[in-house]
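Beneath this line is the structure, given in structure tokens, with notes to follow.
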Amino acid sequence: MSRSKRLYDQFFKSAKAEFNALSNKNEVMKNYVGILQKILRLRQICDHFELVRQGLGDDQSPDAASTYEDYRR
């Protein structure tokens, strides 16, 4: 499995769990910006995983606020 696919799957799993938690509390519409950000991150992973990759290790999970600039620091 490619690095991008592993990162995508990991991020998708995390985003889906967060969405389900919000849905169970009927708070999806209160957090729609965060949901849209997660969708953006998933699309960025499809372009290139380094756009959202946090840190240097493959074992670290991506953060919704991570950007390429954060990665380069």
Side-chain angles (χ1 to χ4, degrees):
M1 188 181 303
S2 74
R3 236 172 166 176
S4 296
K5 177 68 173 148
R6 285 193 316 261
L7 182 63
Y8 183 95
D9 289 344
Q10 180 182 8
F11 193 84
F12 178 81
K13 183 179 175 183
S14 171
K16 184 175 179 181
E18 186 175 333
F19 176 83
N20 287 337
L22 290 171
S23 181
N24 289 338
K25 295 187 289 184
N26 289 326
E27 294 183 357
V28 171
M29 291 308 294
K30 293 178 185 176
N31 296 289
Y32 70 92
V33 172
I35 293 166
L36 291 174
Q37 286 176 331
K38 299 227 182 270
I39 293 169
L40 171 65
R41 299 296 179 241
L42 289 168
R43 292 185 64 174
Q44 287 175 325
I45 292 169
C46 292
D47 287 337
H48 199 283
F49 71 94
E50 287 183 349
L51 292 172
V52 295
R53 194 167 150 226
Q54 178 183 2
L56 300 174
D58 287 340
D59 59 334
Q60 294 180 356
S61 62
D63 184 280
S66 295
T67 63
Y68 183 68
E69 288 76 26
D70 293 335
Y71 170 71
R72 291 180 53 191
R73 292 182 191 159

Report summary line: Output for pair (Leu22 CG, Glu18 CD), nearest 0.5 Å, gives 5.5 Å
Report summary line: Residues passing the side chain to side chain donor-acceptor pair (under 3.5 Å) test with Asn31, sequence neighbours excluded, are none
Report summary line: The reported gap from NZ in Lys5 to SG in Cys46 (rounded to nearest 0.5 angstrom) is 9.0 Å
Query raised in the report: Under 4.5 Å between side-chain heavy atoms, hopping through other hydrophobics if needed: is there a path connecting Tyr32 to Leu40?
Result: no
Requested in this report: Applying side-chain contact (heavy atoms from CB on, under 4.5 Å), name anything that partners Phe19, two or more places apart in sequence or on another chain.
Outcome: Ser23, Val28, Ile35
Report task. Could you tell me which non-hydrogen atom of Phe11 sits nearest to which non-hydrogen atom of Lys38, and how far apart they are? Result -> CE2-O, 3.6 Å
Report summary line: By side chain to side chain donor-acceptor pair (under 3.5 Å), Glu27 pairs with (sequence neighbours left out) none
Query raised in the report: Any Lys/Arg nitrogen of Arg43 or Asp47 sitting under 4.0 Å from an Asp/Glu carboxylate oxygen of the other?
Result: no
Requested in this report: Tell me, please, which residues at least two apart from Lys16 pass side-chain contact (heavy atoms from CB on, under 4.5 Å).
Outcome: Phe12, Asn20
**Report entry** Residues in salt bridge (charged side-chain N to carboxylate O under 4.0 Å, His left out) contact with Lys13, at least two apart in sequence or another chain
**Finding:** none
